[in-house]
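Whatever order the structure lists them in is the order used to number ligands and atoms, beginning at 1.
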Amino acid sequence: MRRGAIVALISIALVVAGITTSIAYFVDWLPEQASEERQGMDLVFWVTVGICIFVFAIVASVSIYAGVKFRVRPDDESDGPPIHGHTGVEIAWTAVPTILVTIIAVLSAVVLAQNDSPKGDPLRVEVLAQQYAWQFTYPEQGGIKATSLYLPIDRSTKLVLTARDVLHSFWVPEFGQKQDAVPGIVTTILITPTKTGEYRLICTELCGLGHALMRTRAIVLSQGDFDVWVDDQRKAAAPPPGGEIDAKGIFTANCAACHTLSKAGTSGQVGPNLDELSLGAERVEQQIRNGGGGMPPFEGQLTDEQINALVQYLTGSNG
Ligand code: CUA
């Protein structure tokens, strides 16, 4: 090959690599990094992007050079020369991609293994996904339940996921880790938050009409604030002896994501607007216990006392 051709090919490749590298570098592509696991995942991402830029620069360079240099003149009707192939080039374009893909595979396997091994003693949180809400249970904190995911900073949390009805998938972009919630089996992931704050927690598996609304928040607190939150939740869950069950609290914790009810100040759009619905106590209790029409059953989720309080709250005049 002529020296001039090699210089031209390399120059085009460098310009293409320069432009694509600037686009990769100067645009803020990824969400804020808020977990330890994201560090390894971002490394895999950027190594893969680097490999893609390398391959793209070579392909673009050869395409642009060949397109300009060997383009057909308007009056040229002749056939091209009968070239059979080039063994050296074929070996190169088989071997080099094989090596690059192997690098990505090995690096991914290392990061996956790393992200699957807990650092220290992880906090355990059970995640229940159902159309179209999330529920988080803290078995080591007296079984408190929440509809937002509260996590202490700088401690691994092991999420134990399952689903009640169909496939769902847990994702907080800032944490990176993503895992399916599947009916009948239990899946797990580890998250080690590194920044306090509120992040969106979304279902990322199409699970029905309310899929787009199946979102809540992940809230990362300092260990001290997390302990305060746990204490508050335990007090709220166990009303003082002789005290009343907080029906409005039960409603906002379990029903707010799907139902609008002005006296509870909720505005969910997934299920029927309860301001416009008037059903008898028996019908309401049956619906809460057994679910149906897209609503999950709450039998076993709530105690009988809680269900009775909720029925009272929804059908009675008190509230
Ligand atoms: Cu649950 Cu999409």
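- In summary, His168 places an N/O/S atom under 2.8 Å from atom 1 (Cu) of ligand 1, meeting the contact criterion.
- With atom 2 (Cu) of ligand 1 as the vertex, ND1 of His211 and SG of Cys203 span 120° to the nearest 10°.
- Classified by interplanar angle (parallel below 30°, tilted 30° to 60°, perpendicular above 60°), the ring pair Phe226/Tyr138 is tilted.
- The distance from atom 1 (Cu) of ligand 1 to the nearest N/O/S atom of Tyr132 is not under 2.8 Å.
- A salt bridge does not link Arg124 with Glu140: every distance from a Lys NZ or Arg NE/NH1/NH2 to an Asp or Glu carboxylate oxygen is 4.0 Å or more.
- A salt bridge links Arg155 with Asp121: the distance from a Lys NZ or Arg NE/NH1/NH2 to an Asp or Glu carboxylate oxygen falls below 4.0 Å.
- Relative to the ring axis of Tyr313, Lys263 places its NZ or CZ within 45° and under 6.0 Å from the centre.
- One finds an angle of 110° at atom 2 (Cu) of ligand 1 between O on Glu205 and SG on Cys207, to the nearest 10 degrees.
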